[in-house]
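Note that the numbering runs from 1 along the sequence shown for the chain. Scope of the values below: all heavy atoms of this structure, side chains included, with no hydrogens, waters or symmetry mates.
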Amino acid sequence: MGINLPFFDLPFFASLLLLLAVARFFGEIMERFKQPAMIGEILAGIILGPSILNIIHRTEDLKVISELGVFLLIIIAGLEINFEDILKSLKGRNIIISLLAFFVPFLSGFFIGRYYNLNEMATIFIGLCIAITALPVSIRILMDFGKLNTPLGQKIISVAIFDDIIALTILGIILDLKDVEPTLTNISKTVLFTILKLSSFIILIIASYSLIKRVSQKKNFMEDKLNYILGLLKGKESLSALFFVFVLIFATITESIGLHFIIGAFFASMLISKEFVGKKHLSTIHNTTNGMAMGFLAPIFFAGIGLEFQFSSITDFGILTTIILVSFISKIVGGFIGSKLAKLDNKTSFAIGIGLNGRGIMELVIANIAYKAGIISIEIFSMLVIMGVFTTICTPLLLKKAFSLVEK
């Protein structure tokens with residue numbers, strides 16, 4: 001229950017200023033303890049919001065800024081992925097690890113929902129949030145340890161990429177199903193239609209990738225063309241504008257066919273590589289996007305999650321405890337079994353399972369979408385926030401130990 005302090009109706013920019021300043025302050029503290037800044041930013045929202053001080057409520061204006069934060073976070077996740085890495089994750093025994101690391105936790109989450117008699121949609125979303133791995137969090141943790149480019153680090157990343165893509169695919173199907181009358185015929189038709197839409201979009205992405213790859217084989221061809229176009233344009237930050245136009249085209253396509261905009265943004269940003277636009281241009285795009293996201297929009301998004309979070313809404317601590325335990329154990333078990341089937345040793349298999357356990361950004365984005373769509377209640381949403389934060393905090397601590405065991 002929040003402290004019963006009076007709620008002052010602060011002007012929008014005063015709310016924004018306070019939210020950003022407190023979010024960055026707590027984010028900085030978390031960074032100093034080697035934890036993702038998002039944990040401190042969520043904490044800032046909880047403190048300032050209805051749960052404790054009741055100074056700021058989540059207005060429509062703040063929601064719009066949060067949506068832009070989601071958009072940029074997804075772009076950053078996509079920029080971290082090379083299309084070649086996806087193809088690697090589908091080759092040989094990697095596919096076994098990817099499938100089990102996703103479906104063991106997904107089914108575990110599904111059974112939690114069925115055991116506690118939650119509705120079908122909430123049940124599937126719990127499974128989805130438990131199954132996902134936050135690729136940006138995994139990359140950040142591995143970079144901090146200096147292990148990103150090791151064989152084990154690359155294996156963790158390739159599995160995380162595959163799991164995120166499966167999760168976004170299922171997300172598209174669920175959002176299409178939410179307004180459908182739950183009969184077998186209606187559900188079958190909707191699922192088939194959504195898969196058809198997704199397949200069409202993926203064909204477009206593959207065709208775009210093939211064209212980009214062909215163009216990229218001509219050394220500096222696209223980079224030279226870009227330099228020519230940028231030379232003609234007099235406006236500042238023209239490269240960033242062209243990049244966002246490119247991403248928004250794909251986001252608009254997915255929205256216009258009834259899929260969530262993050263699917264288009266995610267896949268479009270994956271198409272941008274240093275081979276395509278050049279190392280210098282890619283670095284500029286990275287810096288601009290990271291600056292806008294991490295400096296302003298992402299802290300507001302995560303603080304907004306804190307504003308929505310209501311600890312007082314959690315009445316069933318049995319479900320909360322089960323979700324946390326099952327999410328933590330099932331991801332490690334899925335990664336471990338998949339790795340063993342892929343003929344890896346025990347220590348490496350265990351390290352992969354732990355490395356996939358940080359939910360962080362992606363899980364919170366998906367939980368937020370589900371809550372806004374009315375698919376999950378505020379209670380389930382608050383539980384999923386706690387689960388995402390808990391697994392993200394534990395992952396670097398355990399992964400450091402796992403790496404040291406593997407190296408021994």
request  = Scan F311, Y371, F125 and name whichever one has a ring-ring contact (aromatic ring centres under 6.0 Å, His included) with F381.
outcome  = Y371

message = If the condition is ring-ring contact (aromatic ring centres under 6.0 Å, His included), which residues does F106 pass it with, not counting sequence neighbours?
response = F102

ask   = Do M292 and S240 come within less than 4.5 Å of each other through their side chains, counting heavy atoms only?
value = no

message = Can you tell me how far apart NZ (K400) and CG (L405) are? Round to the nearest 0.5 Å.
response = 13.0 Å

message = Measuring only between side-chain heavy atoms, which start at C-beta, is L226 closer than 4.5 Å to L239?
response = yes

query = Which is it for L72 and F296 under the side chain to side chain contact (heavy atoms under 4.5 Å, CB included) test, yes or no, and what are the steps along the way?
reply = CA-CA 11 Å; L72 287 185; F296 178 46; over 6 Å; no

inquiry  = So does A101 get a backbone contact from the side chain of K331, meaning a donor-acceptor N/O pair under 3.5 Å?
reply    = yes

task = Please confirm whether the backbone N or O of L196 pairs with a side-chain atom of S200, one donor and one acceptor, at under 3.5 Å?
result = yes

task = Would you indicate whether F317, at its atom CZ, is surrounded by more than 12 heavy atoms from other residues, nucleotides or ligands within a distance under 6.0 Å?
result = yes

remark   = Output for pair (T254 OG1, F261 CZ), nearest 0.5 Å, gives 9.0 Å

inquiry  = Tell me the closest heavy-atom pair linking L344 and S349, and the distance in Å.
reply    = O-OG, 3.6 Å

CG on L171 to CG on L175, rounded to 0.5 Å = 4.5 Å

message = Within the supplied structure, the quantity of interest is the number of heavy atoms (other residues, nucleotides, ligands) at a distance under 6.0 Å from K189 NZ; does it exceed 12?
response = no

query = Side-chain contact, heavy-atom cut-off 4.5 Å: E379 with D316?
reply = yes

Over all atoms of both residues, closest heavy-atom pair of S327 and N357 = O-OD1, 3.5 Å

query = Does the side chain to side chain contact (heavy atoms under 4.5 Å, CB included) test come out yes or no for L325 and F328, once each step is laid out?
reply = CA-CA 5 Å; L325 287 174; F328 191 75; 5.9 Å; no

message = Quick check: do V326 and F111 have side-chain heavy atoms less than 4.5 Å from each other?
response = no

ask   = Going by heavy atoms in the side chains, are I130 and S330 under 4.5 Å from each other?
value = yes

query = About how many Å separate NZ of K197 and CD1 of I263, when rounded to the nearest 0.5 Å?
reply = 9.5 Å

ask   = About how many Å separate CZ of F243 and OG of S269, when rounded to the nearest 0.5 Å?
value = 6.0 Å

Side chain to side chain, M30 and F26, heavy atoms closer than 4.5 Å = no

task = Determine yes or no for a side-chain-to-main-chain donor-acceptor pair under 3.5 angstrom, with S51 supplying the side chain and F309 the backbone.
result = yes

key: Rounded distance (nearest 0.5 Å) linking atom CZ of F267 with atom CD1 of I74   = 11.0 Å

Chi angles and distances behind the side chain to side chain contact (heavy atoms under 4.5 Å, CB included) call for S283, N287 = CA-CA 6 Å; S283 178; N287 292 339; 3.6 Å; yes

Passing candidate, side chain to side chain contact (heavy atoms under 4.5 Å, CB included) with E363, options V389, V385, T392, L384 = L384

remark   = Minimal heavy-atom distance between S273 and L282, with the atoms involved, is C-CD2, 4.0 Å

request  = Check the pair S404 / K401 against side chain to side chain contact (heavy atoms under 4.5 Å, CB included), numbers first and verdict last.
outcome  = CA-CA 5 Å; S404 67; K401 180 70 177 168; 4.1 Å; yes

query = Of all heavy-atom pairs between L73 and A298, which one has the smallest distance, and what is that distance?
reply = CD2-CB, 3.9 Å

request  = Starting from the C-alpha separation in whole Å, work towards a yes-or-no answer on salt bridge (charged side-chain N to carboxylate O under 4.0 Å, His left out) for E67 and K63.
outcome  = CA-CA 6 Å; E67 285 284 286; K63 286 176 186 174; over 6 Å; no

request  = Begin with the C-alpha distance, continue with both residues' side-chain angles, and end with the deciding distance and a verdict on side chain to side chain donor-acceptor pair (under 3.5 Å) for T322 and Y116.
outcome  = CA-CA 10 Å; T322 307; Y116 285 101; 3.0 Å; yes

ask   = Between S15 and L10, what is the shortest heavy-atom contact and its length?
value = OG-CB, 3.4 Å

ask   = Quick one: does T133's side chain have a donor or acceptor within less than 3.5 Å of a partner on A160's backbone?
value = no

ask   = Can you tell if the side chain of L307 reaches within under 4.5 Å of the side chain of L19, non-hydrogen atoms only?
value = yes

query = Taking the inter-plane angle between the rings of F71 and F244 on a 0 to 90° scale, is it parallel (under 30°), tilted (30 to 60°) or perpendicular (over 60°)?
reply = tilted

key: Side-chain donor/acceptor of N368 to backbone N/O of L364, under 3.5 Å   = no

request  = Check whether any side-chain heavy atom of F12 sits under 4.5 Å from a side-chain heavy atom of I65, and report yes or no.
outcome  = yes

request  = For residues T391 and T395, report the shortest heavy-atom separation together with the two atoms involved.
outcome  = O-OG1, 2.6 Å

